[in-house]
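Order of the sequence lines sets the chain letters (A, B, ...), proteins ahead of strands, with each chain counted from 1. Just so you know, these numbers come straight off a predicted model, no measurement behind them.
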2 protein chains.
Amino acid sequence: MAKSALPAYEQVKAWTRRHIASGKWKPGDTVPSEAALMQQFGVSRMTVNRALRELANEGLVTRVQGSGTRVAQLHRISSRLSIRDIHEEVVERGHEHTTRVLRAASEPAGEEVAQSLGLKASDAVFHTVMVHMENGVPIQYEDRYVNPAAAPAYLATDFTQTSPTLHLLQHAPLTEASYSIEACLPTAQEARALAIKRTEPCLAMMRRTVSGAHVASIARLVYPGTRYSFAGQFQA
Amino acid sequence: MAKSALPAYEQVKAWTRRHIASGKWKPGDTVPSEAALMQQFGVSRMTVNRALRELANEGLVTRVQGSGTRVAQLHRISSRLSIRDIHEEVVERGHEHTTRVLRAASEPAGEEVAQSLGLKASDAVFHTVMVHMENGVPIQYEDRYVNPAAAPAYLATDFTQTSPTLHLLQHAPLTEASYSIEACLPTAQEARALAIKRTEPCLAMMRRTVSGAHVASIARLVYPGTRYSFAGQFQA
DNA sequence: GAGTGGTCTAGACCACAGA
DNA sequence: CTGTGGTCTAGACCACTCT
């Protein structure tokens, strides 16, 4: 009986998780089959199935049809790295977010940008450069190219009120994105805009977003190393 | 009939996803109820329920009991950043992984380390420092403190055969981890070990792992900026 | 062929929101 | 009160693995 405040499938999940976390079952070990767990918990197969399926989604176990359920190799710890709208992030910390727009114009794409956006070099693209500030301190330099086909009204946005990310999310529904994070030294212009020395290391995030059939935008976001870090956590 | 290669719940998911991605349904809009989708697709409620529940898990819709299902505010884009064992990662690229151990000893924790590991400053901890190389090129400097209570045999490991991460995963089952990524300049020792200039920016990852009741390990991993980047992607 | 998971159904009872 | 989602059951058929 116990206190069954939790749904049955959660109880099965918790029980399984405990065995894995305690080391009683090691990676590669077989987890009791659905039939066995049905008996043990006195629940239907759908319930056990849901429990194990969700654990598999979370990466704790591996399931192979016809073979069985095993404790996953936990080598790849993974956690959600959230990429958030900078405005929202700053405001959530209870701070003031302001923006200084350095450039907002339509210009020919050029070879490199055209290739990333899937356009011709002579096609026009929107190019914005701005600095985001938290309580007046520069925390992000944003250099962004936007595909006019994906967000025709982009340049008309008042970027002191709305961030580019927000405008794009609202007007070019996101279907796909990729990013990479590197360490780099700022260019002269970036250093000037962020008010840092050219020798101060920075985190640079390159982001590329796809909306339906178009590559919507490519952006390079530069964060001063001493003022920003990406963090995350993970729980079994 | 169409080609129903996909399971029914996947078809419901795909149909719903398309409406959201295309912008036909905007954030906040109501998604058809389970009953409505049952009719439309001619499937049982459990099937529709699974489809919508999974979309909710993925963050695409929000469900409120008694109220309904709505398109989620898509502000929080997130993706899984995987933190993997360096050895596995190098080998998977088809390259050779070697290690140069600079230090492997038991020593008093000291204030700062003791605090992170939940020990006293005079308690002994295991301290290892090593450089990981991919085809002979240094790619990671690893400075790690290990809680002896969590992995008593740590120092006996042959680190030229097994990585610290792997040993810990096998002997101190992981229950929790947190990390942060920063940009920094290498210390003199790090620069020397990695064979880079002191002015070359690096990515530094601080990682803390918990195993059961113990903080198992804290590590600082330094990657030369020009030789490494973190990347990820996600799809709606 | 026996055992496993993947999917699906047609019901059911409940908790909750909103009129 | 009606409509919604949250959970659960006792079956079922299938595809797959392993021996």
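Under the 3.5 Å distance criterion, the side-chain polar atoms of D85(A) are left unmatched by any main-chain donor or acceptor of T165(A). Distance alone, capped at 3.5 Å, is enough to place a donor-acceptor pair between the Q11(B) side chain and the L6(B) backbone.
Going from atom CZ of R63(B) over to atom C1' of dT4(D) covers 9 Å, rounded to whole Å. The distance from atom CD of Q11(A) to atom C1' of dC8(D) is 13 Å, rounded to the nearest whole Å. Across the protein-nucleic acid pair, M38(A) atom CE and dT4(C) atom P stand 12 Å apart, rounded to whole Å. In this entry the distance linking CG of L6(B) with P of dT7(C) reads 11 Å, nearest Å. One can place CG of N57(B) at 13 Å from C1' of dG6(D), the figure rounded to the nearest angstrom. For the pair E54(A) CD and dC8(D) C1', the interatomic distance rounds to 14 Å; values are reported in whole Å. Summarising the geometry, the separation between CG on N49(B) and C1' on dT7(D) is reported as 8 Å, rounded to the nearest angstrom.
Side-chain contact between V48(A) and F41(A): absent, with no pair of heavy atoms (C-beta onward) separated by less than 4.5 Å. A heavy-atom distance below 4.5 Å is not found between the side chains of V146(B) and L155(B). Annotation: side chain of R53(A) is in contact with side chain of E54(B) (closest heavy-atom distance under 4.5 Å).
Contact between the side-chain N/O atoms of R53(B) and the OP1/OP2 oxygens of dG6(D) is not found at any separation under 4.0 Å. For the OP1/OP2 pair of dT7(D) and a distance below 4.0 Å, the side-chain nitrogens and oxygens of Y9(A) include at least one atom meeting the criterion. Close to dC8(D), at under 4.0 Å from its OP1 or OP2, lies no side-chain N or O of R50(A). OP1 or OP2 of dG5(D) has at least one side-chain nitrogen or oxygen of T69(B) nearer than 4.0 Å.
Side-chain contact annotation: Y154(A) with S217(A), donor-acceptor N/O pair under 3.5 Å absent.
Against DNA chain D, the stretch residues 28-36 of chain B makes heavy-atom approaches under 4.0 Å through S33(B), E34(B).
For the side-chain hydrogen bond (donor to acceptor under 3.5 Å, both in side chains) criterion with H132(B), the lone passing option out of H97(B), H87(B), E89(B) is H97(B).
Closest approach of S116(B) to I218(B), counting heavy atoms only: CB-CD1, 3.7 Å.
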Protein heavy-atom contacts under 4.0 Å, written 5' to 3' over nucleotides 9-19 of chain C as B (base), S (sugar-phosphate only) or - (none), form the string BB-B--BBB--
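In summary, R220(B) and E182(B) do not engage in a salt bridge, as defined by a charged side-chain N under 4.0 Å from a carboxylate O.
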